[in-house]
Amino acid sequence: MDNHSYNFPSDCTPLTSCKSARKPAGSTVVNMGNTGKNPPRDYLLWSLCNTFYVNFCCLGFMALIYSIKARDQKTLGNLQLAQECSDKAKWYNILAAGWNLLIPLLAIVLIVLLLVHLGSSRGSFDFLGEDGFQNFLKLFSW
């Protein structure tokens with residue numbers, strides 16, 4: 001084919017820059033979702049640990065429920081409700097972890113106090129002998 005078969009606008013010829021006859025390039029927009037904000041955490045593993053260990057006043061179980069709700073809402077795309085459930089799960093986990101640490105610490109303190117009291121008492125006590133129960137009760141009498 002020769003150049004005479006092409007139809008060019010009058011102000012455009014081949015090998016020249018003709019911007020008026022060109023169509024603007026199309027644009028493609030890709031929506032990546034909410035990239036500026038991280039999705040809320042669900043604290044599921046922490047809730048499971050608090051549920052299986054001591055679980056004082058069912059605080060670990062409550063944390064587990066809110067962790068599962070947070071994960072479900074995050075999956076559904078409701079990030080505001082997922083954040084609320086995540087915050088509740090976090091605070092229930094903090095309370096449960098506090099109680100889970102407090103109970104063993106109290107037991108250790110009581111054992112230490114008992115041993116200190118036994119060491120300061122006169123003589124040693126035979127808890128497994130004939131008068132074991134009476135000797136045990138003497139520990140709590142002043």
Mind checking the CG-OG spacing from Asn50 to Ser67? Nearest 0.5 Å is all I need.
9.5 Å
Quick check against the 3.5 Å criterion: does Ser86 have a side-chain atom that pairs as donor or acceptor with the backbone of Ala70?
no
To the nearest 0.5 angstrom, please state how far the SG atom of Cys85 sits from the CD1 atom of Ile68.
11.5 Å
Please determine whether the number of non-hydrogen atoms from other residues, nucleotides or ligands lying under 6.0 Å from atom OH of Tyr43 exceeds 12.
yes
Could you tell me whether the side chain of Lys74 and the main chain of Leu79 form a donor-acceptor pair under 3.5 Å?
no
Calculate, to the nearest 0.5 Å, the distance between atoms CD1 and OG1 belonging to Ile65 and Thr51 respectively.
8.5 Å
Rounded to the nearest 0.5 Å, how far apart are CD of Gln83 and NZ of Lys90?
8.0 Å
Minimum heavy-atom separation for Leu59 and Trp99, please, with both atom names.
CD1-CD1, 3.5 Å
Interatomic distance, NZ@Lys69 vs CG@Leu64, rounded to 0.5 Å, equals 12.0 Å
Give, for atom CG of Leu110 and atom CG of Leu113, the distance between the pair rounded to the nearest 0.5 Å.
6.5 Å
Test side-chain hydrogen bond (donor to acceptor under 3.5 Å, both in side chains) on Ser47 and Asn93; report intermediate values, then the result.
CA-CA 6 Å; Ser47 299; Asn93 277 320; 3.0 Å; yes
Keeping Asn100 on the side-chain end and Tyr53 on the backbone end, is there a donor-acceptor pair under 3.5 Å?
yes
Test applied, ring pair (Phe, Tyr, Trp, His ring centres under 6.0 Å); reference residue, Tyr66; option that passes from Trp91, Trp46, Phe61, Tyr92:
Tyr92
Is Leu106 reachable from Ile103 through a run of hydrophobic residues whose side-chain heavy atoms are each under 4.5 Å from the next?
yes
